[in-house]
Q: 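Can you keep this structure in mind? I'll have questions shortly.
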Protein chains: 2
Amino acid sequence: MIVLPTLDRKSRRHSATRDEILTAAWELARSEGLAGISMRDLAARVGMRSPSLYTYFTSKHDIYDAMFAQGWRAYLERIAALGKLPSNPRRALRRVLREWGEFFVEDPERFVLLCQRTIPGFEPSRQSYAVSLEAVDHARSVLESLGITGQKALDLLFALTTGLISQQIANDPGGDGWTRLVGDVVDMYVDHCAPAERGKGA
Amino acid sequence: MIVLPTLDRKSRRHSATRDEILTAAWELARSEGLAGISMRDLAARVGMRSPSLYTYFTSKHDIYDAMFAQGWRAYLERIAALGKLPSNPRRALRRVLREWGEFFVEDPERFVLLCQRTIPGFEPSRQSYAVSLEAVDHARSVLESLGITGQKALDLLFALTTGLISQQIANDPGGDGWTRLVGDVVDMYVDHCAPAERGKGA
DNA sequence: GTCTATATTTGGATAGAC
DNA sequence: GTCTATCCAAATATAGAC
């Protein structure tokens, strides 16, 4: 007898409830702040009492960890959904950064969890961290197509983007400052890091 | 009879104790994190019990508020101590940003309180906020000497600097990444925002 | 799997004696 | 001004019945 690699009814149900809890956790994060999530409130939102949550997650940090992985997976999906990037490398970078910015600006608490990591005591597990590294690798490959290599340039790009997003969130939440600035910023960055590309912005 | 505008013995003592508490608060912030300060621990560190703190501050937020103002005042002193800035505007900006970076990298919790403001529920009072605005005005005047004006350019500068510092603190705490990058960053920024200055970096 | 009940800890803040 | 004693609220997590 062959056991199919699908989950049985019970496991599927378990997994669905986990997802339901995570969805509620994101909602709660958006309304109360990420650090403002309490097990009581979270349970109430899915029609449970707090002890029942421990059937699905071993601790509150375990929930944050699942959210962290889920967040980065959502990012990878968004980038994948962009399809083929423009062949002009500068345009490609612009396209990716615009998406990056919209992704985080539309949900500031996601930015806090994924990029700022200011939740006291929380550190992602090895598996969840691995998901975030895929996003870094993707950025690296886009830079390489521009002839930009090295950790320094990558660090600079992240500093630039995360700095802008956090300013945007702090000063103009929900606004479109990012979208309006991203073109400028890409030009500034590329002109500096890949001078050979200067003037090829088209 | 003339009342001199100096504080009497009692007020001086009161003020000295306040300072002592604030110093202990910074120490505690550096070891436990800013959000990890508790009134009990803080009191213990100055040889008191927690209720006594309320003689000097009305609440915990009141302590954060005093720290906020103290932090920005310390920044203004550091900048003032630089003396006359180089007449070359690009060098002047480099000098200021280098100091800015060292000031915050050497005490990450200060950066959190002054620039990130992620303490739940804390907002600086009008007076304390005014101190921080002096720092912004100083940056604006340095930019003006470069012929760079407008809120957008100022925002971009802050995004760039705070982004870099938070990356530095997260990835290489205590390192000198900032110092090594600041020249690059200034060139990149000035080339973009004040093209007329291009090549005048000396 | 879910519940009630509760352990445990921790925190800010206050009352009132001295 | 400082203390002891205490209040009150909130939170995570566990034990054990159903």
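Scope of the values below: all heavy atoms of this structure, side chains included, with no hydrogens, waters or symmetry mates. Here is how names work: the chains are called A, B, and so on, in the same order as the sequence lines, proteins then strands, and each is numbered from 1.
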Q: Restricting to non-hydrogen atoms, name the atom on B:L85 and the atom on B:L82 that form the minimum distance, rounded to 0.1 Å.
A: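 Between these two residues, the closest heavy atoms are CD2-CD1, 4.3 Å.
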
Q: Under 4.0 Å, heavy atom to any atom of DNA chain D: which of residues 8-44 of chain B qualify?
A: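 Residues of residues 8-44 of chain B under 4.0 Å from DNA chain D: B:K10, B:H14.
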
Q: Indicate whether any N or O donor in one side chain lies under 3.5 Å from an N or O acceptor in the other, for B:D8 and B:S11.
A: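 Per modelled atom types, B:D8 and B:S11 side chains form a pair under 3.5 Å.
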
Q: Considering only NZ, NE, NH1 and NH2 on the basic side and carboxylate oxygens on the acidic side, decide whether A:D65 and A:R126 come within less than 4.0 Å.
A: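 No, A:D65 and A:R126 are not salt-bridged.
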
Q: Please check if the number of heavy atoms outside A:R78 that lie under 6.0 Å from its CZ is greater than 12.
A: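 Count over threshold, so yes.
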
Q: Taking all non-hydrogen atoms of both residues, which atom of A:V185 and which atom of A:L164 are closest, and how far apart?
A: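 Heavy atoms only, the tightest pair is CG2-CD1, 3.4 Å.
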
Q: Does any N or O in the side chain of A:R18 come within less than 3.5 Å of the main-chain N or O of A:Y56, such that one atom is a donor and the other an acceptor?
A: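 Such a contact is found between A:R18 side chain and A:Y56 backbone.
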
Q: Contact class for B:F57 (heavy atom, under 4.0 Å): base, sugar-phosphate, or nothing?
A: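 No contact.
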
Q: Can any side-chain N or O of A:S128 pair as donor or acceptor with the backbone N or O of A:P124 at less than 3.5 Å?
A: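 No, because the side chain of A:S128 does not come within donor-acceptor range (under 3.5 Å) of the backbone of A:P124.
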
Q: For the pair made of NZ in B:K60 and P in C:dA13, what is the distance, rounded to whole Å?
A: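 Result: 8 Å.
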
Q: Has A:R110 got its NZ or CZ under 6.0 Å from the middle of the six-membered ring of A:F103, at an angle within 45 degrees of the ring axis?
A: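 Yes, a cation-pi geometry.
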
Q: For DNA chain D, which nucleotides open and close the run of contacts to chain B, 5' to 3', at under 4.0 angstrom from a non-hydrogen atom?
A: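 So the outermost contacting nucleotides come out as D:dG1 to D:dA5.
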
